**Student:** 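Structure in structure tokens, see below.
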Protein chains: 2
Amino acid sequence: MTSSTNVSCFHEARRVAIFGGTHGNEMSGVTLVNLWIQNGKEIHRKGVETKPFITNPRAVEKCTRYVDTDLNRAFTTENLSAPSGDDLPYEVQRAQQINEIFGPKGSPEAYDVIFDLHNTTSNMGCTLILESSKDHFNLQMMHYIKVNLESVFSLSLSQIKHAFWVGPQPQGVLRSNIFESMRVDDVVCWLYCVGLEFPPCTVDVFRVSEKMDYPRDTNGNIIAMVHPNLQDCDWEPLNPGDPMFQTFDGTTLRYEGAGTVYPTFINEAAYYEKQQAFVTTRRETLAAGAIKKT
Amino acid sequence: MTSSTNVSCFHEARRVAIFGGTHGNEMSGVTLVNLWIQNGKEIHRKGVETKPFITNPRAVEKCTRYVDTDLNRAFTTENLSAPSGDDLPYEVQRAQQINEIFGPKGSPEAYDVIFDLHNTTSNMGCTLILESSKDHFNLQMMHYIKVNLESVFSLSLSQIKHAFWVGPQPQGVLRSNIFESMRVDDVVCWLYCVGLEFPPCTVDVFRVSEKMDYPRDTNGNIIAMVHPNLQDCDWEPLNPGDPMFQTFDGTTLRYEGAGTVYPTFINEAAYYEKQQAFVTTRRETLAAGAIKKT
């Protein structure tokens, strides 16, 4: 655990973007953002400009994850600096446009905070995934959300910035329970509250560790499913020797790692093509320093 | 209730086809049929030829419901009699090929029985959907399956012949519990048993009644979700006055039909584009006459 006794000062979060439809078949974010585009009252807070935005409209129209390539993996330095043109994959063009509107990343004219709303077919509940564990502003926001929101939140650290995932929900389906748990007005409320000072705190998080593929034959075909004991058990401990996969003829394959891990994104539909049955995470407690507005 | 005291005679079911991948993202049937193509021992019975068959290989490859049009709606007289050619939609070409291999429908060279394996995102459990309520052979088979299989089966009558649906399972996902409940070897076992005589019996079924769309605005946009009280309650009674939909601002819309119905295919992902939130069914008891092999 790291600690800090200083009070960090930062500029007020004046501009907040809320993205939906980064994956066009994840219906909660698509629906909420479209509603807020029509009527932004629910996410309006005095002194904060909140901009709801559909990031991948062609994928939304087709109700598919993406058209040419996964937009969520398209914000690379290489893509963002490539000469623009119609010959680029649609999502690369779109990443460049989004970077122009809401970025460029790290520049003074960039939006202060971006929330990207996602669904998953995994039984993950509400999950906030942040990129950095060193940013006191983000950690304080995580802490606020976990303590104050009615939904039970899991907090995870990964390479994706400010992604908000809720599941389980099948692709192309809108479920009322998932829809309601994604209303992020309380998050926006926090951003409005940053005029106050927040004291130091600790935050329990899951740090992404290892990507686990399905067992496959020599031709690359999947030969086993997620074991029924593991299915839907996102965030629960998986110990060495615990059942992990079940082959089609009923054989149990067990976890052989060195210590306890906490699997998540278990059996997510979109990750079959990414050779990922689940990811393991490890629990960690982070210390966030005090913050106050300059 | 109709009744029959005669014993119907019929020819032995010698040839049984088992279809998977009619919708390429319904993974239980795709996986089972591919396994049985590699090794058919599980579905082999003496005196019965069982042929596992992937009906829509291009959709399976892309893990999508269909490529050009829904194969499950492509077996129309008009399509089957159209001049064949590469300019036809892929699934229409495929329907013609399948009709040639396993049909033509009603002809002496046609397969005796075809099972079409499907998944649904709805909480329907195991459901067998038959076209005809007048065929004693089919009703006796339904009765056998409901009485003898470990899985709890719902029996439904619709325009789709011998379709076997299991859910809930998201598109593109393979869940072990759903996979195991779809192993149809017990059904094949019954077909092998048709040498015996089956006495008259009654079968409780759900007859499809009405298709219900989501509430929409004047532009055709959906303005409400399936109500949380109805979500996942397939086959349970919906009475006049019961909550049916919930608008995005929280208003409850109630069922205003004349009597009790039993909704199913509630919030199925693939039916958003078909303007269908669920279908209503009504309970009915059918009488099946005795049958024996000629």
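The sequence lines fix the lettering, A, B, ..., with proteins before strands; numbering per chain opens at 1. No experiment lies behind these values; they were computed from the predicted model shown.
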**Student:** I need the minimum non-hydrogen distance between L174(B) and N267(A), along with the two atoms involved.
**Tutor:**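 Taking every non-hydrogen atom into account, O-ND2, 2.9 Å.
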
**Student:** Of all residues at least two apart in sequence or in a different chain, which pass the salt bridge (charged side-chain N to carboxylate O under 4.0 Å, His left out) check with K62(A)?
**Tutor:**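 With neighbours one apart ignored, the set is empty.
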
**Student:** Kindly determine whether M225(B) and E180(A) satisfy side chain to side chain contact (heavy atoms under 4.5 Å, CB included), including the steps that lead there.
**Tutor:** CA-CA 11 Å; M225(B) 305 166 282; E180(A) 293 301 338; 4.2 Å; yes

**Student:** Could you tell me which portion of N177(B) (side chain, backbone, both or neither) has an atom closer than 4.5 angstrom to a non-hydrogen atom of chain A?
**Tutor:**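 For N177(B), neither part sits under 4.5 Å from chain A.
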
**Student:** Please find the pair of heavy atoms, one from Q231(A) and one from R175(B), that lie closest to each other, and give the distance.
**Tutor:**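 Between these two residues, the closest heavy atoms are NE2-NH1, 3.1 Å.
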
**Student:** Report which part of D232(A) has an atom under 4.5 Å of a heavy atom belonging to chain B: side chain, backbone, both, or neither.
**Tutor:**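 Side chain of D232(A) only, per the 4.5 Å heavy-atom cut-off to chain B.
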
**Student:** I need the contact set between residues 245-256 of chain B and chain A: heavy-atom distance under 4.5 Å, sorted by residue number.
**Tutor:**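 Only Q246(B), F248(B) of residues 245-256 of chain B have a heavy atom under 4.5 Å from chain A.
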
**Student:** Checking heavy atoms, do the side chain of T31(A), its backbone, both or neither come under 4.5 Å from chain B?
**Tutor:**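 Only the side chain of T31(A) comes within 4.5 Å of chain B.
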
**Student:** Is there a donor-acceptor contact under 3.5 Å from the side chain of Y272(B) to the main chain of C63(A)?
**Tutor:**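 Side chain of Y272(B) to backbone of C63(A): no pair is present.
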
**Student:** Is atom CG of N219(A) surrounded by more than 12 heavy atoms (other residues, nucleotides or ligands) closer than 6.0 Å?
**Tutor:**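 Yes, the 6.0 Å shell around CG holds more than 12 heavy atoms from other groups.
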
**Student:** Does atom CD (E273(B)) have a neighbourhood of more than 12 heavy atoms from anything else shown, all under 6.0 Å?
**Tutor:**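 Yes, the 6.0 Å shell around CD holds more than 12 heavy atoms from other groups.
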
**Student:** Roughly how far, to the nearest 0.5 Å, is the CG atom of N221(B) from the CG atom of L35(A)?
**Tutor:**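 The distance works out to 10.0 Å.
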
**Student:** Please give me the minimum heavy-atom distance between S176(A) and V226(B), naming the atom from each residue.
**Tutor:**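 S176(A) and V226(B) have their closest heavy atoms at OG-O, 3.6 Å.
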
